[in-house]
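Single-structure report; data block below.
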Amino acid sequence: MDPYKVWLSEIMLQQTTVATVISYFTKFVSIWPTVEALARAPQEDVLKEWAGLGYYARARNLHKCAQVIARLGAFPNTEAALLELPGIGPYTAAAIASIAFGQQATIVDGNVERVISRIFRVEAALPAAKAEIRAHAATLTPRVRPGDYAQAIMDLGATVCTPTSPDCGACPWRNACGACATGDVTRFPVKAAKTEKPVRYGTVWWLEHEDQVWLRRRPPTGLLGGMVELPTSEWHARRQAHEPPVDLTPVDLKWENVEGNVVHVFTHFRLELQVQRALLKKRRNMEDGFWHPVDKIDQAGLPTVFAKVAKLVNSLNGRLL
Ligand code: SF4
């Protein structure tokens, strides 16, 4: 199998469902059919096509990784060499090594963790149990057709050994499975108690001028690094009484609060944004941003949190005065 396609799909599928990934994957391989073509693309184009898929560090690393592979002249074909590449962790390295190159590498994703923890009745709680689960999984990985095996065990977890209603009667491993024998299947995998995500608060500004909206590009590193955004305040641990939009030279602008906060959940926190909008009647010199047509806002490459803001503003009936 083409290592480029295996790699691209595995990176896209991290924390993201197959249904969401399909259209992005198809578009990427039609625009950039090879890793060399992706390496030659400007990073801004890659981020734009990635918009809406989330976890944007993946897109930056994808591009960086493509450039490294293009310089090497070919995909490395061992797990150890793949692990040296930007954005490639143990799961992706094992997936490429086994599926694209037929190496005896052990893939462990959430589905495999569930299957293995049930077969071996792993009592330790996740995430601490990961090393133990991986060691058990390695004992089952065959030398022959390891790529097919990897896809089969992941499919088994996704379709038969499901989280709440596993169909043990249809499972080829039912006679070897510890949890099936003792009848306490859904107790596994054991999970540590979840902690509540902290909340952060901020303000985001929708500034319109002649059917265009003012956008900026975020700094290249950090959360949503390099992505296009609507101007926003810092995101604080406490709700702020007043957020002056200092970088929009708002001297005589009439900012209007938009009803209904935008809520977005990131991996480590939940964000609540108050939206304000205003109309700039006379164009003035503004730095660090650009105007973009409001009716083409879906083509601006906004990450989901800002696309939600655009959707809220565009759902309002009243025009700005
Ligand atoms: S027998 Fe049941 S619990 Fe065990 S691996 Fe198969 S589906 Fe999962």
Side-chain angles (χ1 to χ4, degrees), residues 1 3 5-22 25 54-55 58 78-80 82-83 88-195 197 265 267:
M1 211 179 275
K5 289 184 180 155
V6 174
W7 165 66
L8 182 61
S9 61
E10 292 298 349
I11 299 289
M12 287 184 165
L13 284 165
Q14 287 166 11
Q15 325 275 345
T16 315
T17 63
V18 174
T20 306
V21 162
I22 288 173
F25 177 81
Y55 302 94
R58 289 184 299 172
T78 65
E79 222 177 332
L82 286 160
L83 273 170
I88 295 197
Y91 169 81
T92 311
I96 301 170
S98 67
I99 298 169
F101 296 113
Q103 306 265 341
Q104 190 186 15
T106 301
I107 301 183
V108 183
D109 70 349
N111 287 317
V112 175
E113 276 177 353
R114 187 164 56 255
V115 174
I116 296 294
S117 68
R118 287 173 176 173
I119 290 174
F120 291 92
R121 293 180 54 81
V122 175
E123 292 288 350
L126 282 169
K130 278 180 183 291
E132 184 183 346
I133 290 173
R134 166 167 288 280
H136 283 306
T139 65
L140 298 180
T141 307
R143 223 174 282 152
V144 180
R145 295 172 57 196
D148 289 345
Y149 165 79
Q151 292 180 81
I153 186 173
M154 287 191 284
D155 279 352
L156 183 79
T159 59
V160 178
C161 194
T162 56
T164 52
S165 50
D167 185 3
C168 297
C171 179
W173 271 335
R174 61 188 174 277
N175 294 330
C177 178
C180 181
T182 47
D184 54 354
V185 168
T186 53
R187 196 164 73 75
F188 301 95
V190 180
K191 289 187 178 156
K194 273 199 180 161
T195 49
K197 285 191 190 205
V265 181
T267 315

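Numbering of ligands and ligand atoms starts at 1, following listing order. Source: prediction; values computed, not measured.
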>> So, at under 2.8 Å, which protein N, O or S atoms would a careful student list around atom 6 (Fe) of ligand 1?
In response: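 Protein N, O or S atoms closer than 2.8 Å to atom 6 (Fe) of ligand 1: Cys171 SG.
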
> Below 4.0 angstrom, N of the basic side chain to O of the carboxylate: do Glu123 and Arg187 qualify?
Replying inline: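 Answer for the salt bridge query: yes.
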
> Would Glu10 and Ile99 satisfy side chain to side chain contact (heavy atoms under 4.5 Å, CB included), going step by step from the backbone distance to the final call?
Replying inline: CA-CA 11 Å; Glu10 292 298 349; Ile99 298 169; 4.3 Å; yes

>> Would you say that Trp173 contacts Val160 through its side chain, given a criterion of any heavy-atom pair below 4.5 Å between the two side chains?
In response: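 No, too far: nothing below the 4.5 Å cut-off.
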
> When Cys177 is tested against each of Thr182, Ile119, Val115 for side chain to side chain contact (heavy atoms under 4.5 Å, CB included), which residue passes?
Replying inline: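 Going through Thr182, Ile119, Val115 one by one, the side chain to side chain contact (heavy atoms under 4.5 Å, CB included) with Cys177 is satisfied by Ile119 alone.
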
> Has the side chain of Arg118 got a donor or acceptor atom that lies under 3.5 Å from a matching backbone atom of Val185?
Replying inline: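 The answer is yes, because a donor-acceptor pair under 3.5 Å joins these two groups.
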
> Quick one: salt bridge (Lys or Arg N to Asp or Glu O under 4.0 Å) partners of Arg145, sequence neighbours excluded?
Replying inline: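 If we apply the salt bridge (Lys or Arg N to Asp or Glu O under 4.0 Å) test to Arg145, skipping adjacent residues, the hits are Asp148.
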
